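Predicted, not measured: the structure shown is a model, and the values here were computed from it.
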Amino acid sequence: MNTTFSIKRIGYILRADCVEYKMYALLWSICCVAAWGLLLYGTTNAFVPLFYVVMLIMGINYCAFVGRKLHQPKGLFLTLPATTAEKFTALLIEGVVFLLAYNLLFWVGAGIGRLLTGLPLVAFGEVYGKLTTAVVSVGLFFFLLLLVFYVFFRKMALLWYVLSIVGVVSLITFACARIFIHMFKDTQNIRIDTDALFGPVYYLYHYGYAILPAASVCLLYLVYYKLKRKQLR
């Protein structure tokens with residue numbers, strides 16, 4: 001097989017996925033547009049929060065989609081005549097397309113809801129105004145971590161992901177509590193200072209996002225590594 005990187009072969013991969021999953025994508029599109037239109041027609045209170053909830057569901061669906069392609073015993077994806085880098089690039093492009101298509105369908109559905117109700121269209125800043133650099137970095141990191149779980153675990157990847165997150169958060173909270181108690185064990189009638197107890201978590205959220213891009217790149221490499229190992233089998 002030719003080991004040179006080819007844009008043309010990436011196009012072939014994307015075209016093959018488009019043909020294989022076109023009915024599935026069409027169904028999702030119709031459901032999203034109808035859901036947003038009807039939701040705005042009925043109420044606007046939960047519109048923006050549900051936008052991110054459904055985006056989360058779409059993200060989980062994409063991770064499951066990638067995991068299914070890598071773990072299918074007789075799947076065509078791993079046998080396609082393309083290099084690992086080309087297949088990895090195709091998966092990344094499909095992820096970006098998932099995200100852009102979802103946002104496009106959201107605004108189409110919101111426009112339909114506006115026509116049905118006569119209400120003003122939801123403000124752009126109201127939907128995307130809280131997407132700061134920290135929020136995007138943290139969200140991207142946890143999304144890629146979920147993708148890694150789906151790539152490395154054939155079954156129950158989402159369950160293992162949730163249990164791992166809960167376990168790590170519980171361990172950090174327990175460690176902070178133990179450190180706090182040890183520091184003030186000789187003090188009588190102390191009042192628990194939540195800022196001191198959860199200070200590391202606070203600083204990790206507000207300043208730790210600076211290291212998350214590097215961590216996200218490492219997670220992407222893990223996905224690439226697993227894809228390469230699957231190809232070599």
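Arg9 contributes no side-chain N or O that, together with a main-chain N or O of Glu86, makes up a donor-acceptor pair within less than 3.5 Å. Checked by atom type and distance alone, the side chain of Tyr161 pairs as donor or acceptor with a backbone atom of Phe142 at under 3.5 Å.
Using a 4.5 Å heavy-atom threshold, the side chains of Thr132 and Val135 count as touching. Within the 4.5 Å cutoff, the side chain of Pro81 has no heavy atoms near those of the Tyr12 side chain.
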Let's go through Ser137 and Thr133 carefully: what are the C-alpha distance in whole Å and the side-chain angles of both, what is the deciding distance for side-chain contact (heavy atoms from CB on, under 4.5 Å) to 0.1 Å, and is it a yes or a no?
CA-CA 6 Å; Ser137 299; Thr133 303; 4.1 Å; yes
Please step through side-chain contact (heavy atoms from CB on, under 4.5 Å) for the pair Leu91 and Lys69, ending with a clear verdict.
CA-CA 10 Å; Leu91 291 176; Lys69 291 173 75 68; 4.1 Å; yes
Evaluate the side-chain contact (heavy atoms from CB on, under 4.5 Å) criterion for residues Phe5 and Ile10: first the C-alpha distance (whole Å), next the side-chain angles of each, then the deciding distance (0.1 Å), finally the verdict.
CA-CA 9 Å; Phe5 190 84; Ile10 294 176; 3.3 Å; yes
Before giving the answer on side-chain contact (heavy atoms from CB on, under 4.5 Å), spell out for Leu104 and Leu100 the whole-Å C-alpha distance, their side-chain angles and the decisive distance to 0.1 Å.
CA-CA 6 Å; Leu104 176 62; Leu100 295 178; over 6 Å; no
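In this structure, Leu92 CG and Glu94 CD are separated by 9.5 Å, a value rounded to the nearest 0.5 Å. Here His71 contributes atom NE2 and Lys155 contributes atom NZ; the two are 11.5 Å apart, rounded to the nearest 0.5 Å. Between the CD1 atom of Ile7 and the OG1 atom of Thr89 there is a distance of 7.5 Å, given to the nearest 0.5 Å. Note that CG of Leu145 and SG of Cys218 are 12.0 Å apart. Values are rounded to the nearest 0.5 Å. Between the CG atom of Leu227 and the CG atom of Leu222 there is a distance of 12.5 Å, given to the nearest 0.5 Å. Taken to the nearest 0.5 Å, the CG atom of Leu70 stands 14.0 Å off from the OH atom of Tyr150.
Nearest heavy atoms, Phe141 versus Leu219: O-CD1, 3.6 Å. Scanning both residues, Met55 and Tyr102, for their nearest heavy atoms gives N-OH, 3.5 Å. Closest approach of Ala90 and Leu14 over heavy atoms only: O-CD2, 3.7 Å.
Under the 4.5 Å side-chain heavy-atom criterion for ILVMFWY residues, a single connected hydrophobic cluster contains both Val166 and Leu163.
Ring planes of Tyr224 and Phe88: perpendicular class, angle over 60° (limits at 30 and 60°). Ring pair Tyr62/Phe143 is parallel by interplanar angle, where below 30° counts as parallel and above 60° as perpendicular.
More than 12 heavy atoms of other residues, nucleotides or ligands shown are found within 6.0 angstrom of CZ on Phe153. Tyr128 OH: more than 12 foreign heavy atoms inside a 6.0 Å radius.
Residue Leu212 forms a side chain to side chain contact (heavy atoms under 4.5 Å, CB included) with just one option from Leu140, Val138, Val217, and that option is Val138.
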